[in-house]
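Data block below; observations after.
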Amino acid sequence: MLLIAHRGASAVAPENTLASFERALDAKADGIEIDIIEVDGEIYVFHDRYLERLAAQPGRIQDLTQAQISTLKVFGQHPIPTLQETLSFLQGRCLLNIEMKSEIDTHRLAALLDWACAEQGFANNQLLVSSFDHHWLQSLKNLRPQTLLGALTASCHLDYAAFATTLEAWSAHIDINVVNSRFVEDAHQRGLKVFVYTVDEAHDIAWLKKMGVDGIFTNHPQLSRNILEGLPVSQNSLLRQF
Ligand code: G3P
Ligand code: CA
């Protein structure tokens, strides 16, 4: 079962920052998941629509300029990286799942994926683009057919993973609250991988492993690895450590 660091190792460093990616690599995570949003002609790695929780100021990130965004610090500590900086930092050292949180200029994103493969050490099968908006994914697939897509859902549909087949996705990414063995079996019969978000608890990890899911998004890849390997873990491991 793959361990994908959710927003980087976000339990131990500010989420979606180079520091959280470094900690994920330290933990030997199989992959890193990031959120991207396009603002003022640049693609940033950032999860929220509003700045309050992460950057301690009112308003939407969407309404700022590049100059204003460059002054922000996530949890008062680390700058908001661009997607380009993130690709350059990671250099293909693990799988990267890029989740589109806003509509992104498809040509800009496709060009960055091409650049990552040509010049930054990524193989095409290390770049997985996901979104809850399947129209955005379809546009990217039309422009860049070799892109691996992850079709996100927070629902268990009547026809299970059919939506992911329609999209020609590589994987279906589903909320832990609605995943079940029927969904996993249907997805596997369609040749899809199944990744489940967001999973940090030992009981859930054991349950999903038994169900045969292919990977989980976890905020604490080191803790999840220890749980998978049956090593002792501290009760306080999930308390925020920064
Ligand atoms: O990509 C899986 C998961 O990250 C989706 O939810 O809100 O954490 O971006 P969220
Ligand atoms: Ca996400």
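What you are looking at is a predicted structure, and each value in this text was computed from that prediction instead of being measured. In this chain, residues are counted from 1 in sequence order.
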Can you list the residues that meet the salt bridge (Lys or Arg N to Asp or Glu O under 4.0 Å) rule with Asp63, with sequence neighbours excluded? Arg60

Kindly say whether [Y] contributes a backbone atom to a donor-acceptor pair with the side chain of [X] at under 3.5 angstrom?
{"X": "Glu33", "Y": "Ala5", "answer": "no"}
{"X": "Asp200", "Y": "Asn219", "answer": "yes"}
{"X": "Ser155", "Y": "His157", "answer": "no"}
{"X": "Thr147", "Y": "Ala110", "answer": "no"}
{"X": "Ser131", "Y": "Met100", "answer": "yes"}
{"X": "Arg225", "Y": "Lys28", "answer": "yes"}
{"X": "Gln126", "Y": "Gly92", "answer": "yes"}
{"X": "Asn16", "Y": "Val45", "answer": "no"}
{"X": "Gln66", "Y": "Asp40", "answer": "yes"}
{"X": "Asn97", "Y": "Leu128", "answer": "yes"}

Transitive ILVMFWY side-chain link [X] to [Y], under 4.5 Å:
{"X": "Val129", "Y": "Phe132", "result": "no"}
{"X": "Leu167", "Y": "Ile98", "result": "yes"}
{"X": "Leu140", "Y": "Ile34", "result": "yes"}
{"X": "Leu18", "Y": "Val12", "result": "no"}

Test of understanding: with ring-ring contact (aromatic ring centres under 6.0 Å, His included), list the residues that count as partners of His173, not counting sequence neighbours.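 ring-ring contact (aromatic ring centres under 6.0 Å, His included) check on His173 returns Phe195, Phe217.
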
Least distance between heavy atoms, [X] atom then [Y] atom:
{"X": "Thr86", "Y": "Pro81", "answer": "OG1-CB, 3.7 Å"}
{"X": "Pro14", "Y": "Thr17", "answer": "O-OG1, 2.6 Å"}
{"X": "Tyr197", "Y": "Thr153", "answer": "OH-O, 3.2 Å"}

Applying side chain to side chain donor-acceptor pair (under 3.5 Å), name anything that partners [X], two or more places apart in sequence or on another chain.
{"X": "Ser139", "answer": "none"}
{"X": "Arg108", "answer": "Glu38"}
{"X": "Gln68", "answer": "Thr65"}

Just jot down the side chain to side chain contact (heavy atoms under 4.5 Å, CB included) partners of [X], sequence neighbours excluded, or say none.
{"X": "Lys141", "value": "Leu149, Glu168"}
{"X": "Gln146", "value": "Asp114, Asn124, Arg144"}
{"X": "Glu103", "value": "Trp136"}
{"X": "Leu239", "value": "Asn236"}

Does a donor on one side chain sit under 3.5 Å from an acceptor on the other, for His188 and Asp214? yes

Would Asn142 and Gln138 count as having a side-chain donor-acceptor pair, cut-off 3.5 Å? no

Pairwise side-chain contact, [X] with [Y], heavy-atom cut-off 4.5 Å (strictly under):
{"X": "Arg49", "Y": "Gln62", "value": "no"}
{"X": "Gln84", "Y": "Leu87", "value": "no"}
{"X": "Ser88", "Y": "Gln91", "value": "yes"}

Remaining members of the apolar cluster that contains [X], side-chain heavy atoms under 4.5 Å:
{"X": "Leu192", "value": "none"}
{"X": "Ile176", "value": "Met1, Leu3, Tyr160, Phe163, Ile174, Val178, Val179, Phe183, Val184, Val194, Val196, Val199, Ile205, Trp207, Leu208, Met211, Val213, Ile216, Leu223, Ile227, Leu228, Val233, Leu238"}
{"X": "Val39", "value": "Ile37, Tyr44, Phe46, Leu51, Leu54, Ile61, Leu64, Ile69, Leu72, Val74, Phe75, Ile80, Phe242"}

Just checking [X]: does its [atom1] atom have more than 12 heavy atoms from other residues, nucleotides or ligands closer to it than 6.0 angstrom?
{"X": "Lys209", "atom1": "NZ", "result": "no"}
{"X": "Lys193", "atom1": "NZ", "result": "no"}
{"X": "Arg190", "atom1": "CZ", "result": "yes"}

About how many Å separate CG of Asn226 and NE2 of His220, when rounded to the nearest 0.5 Å? 8.5 Å

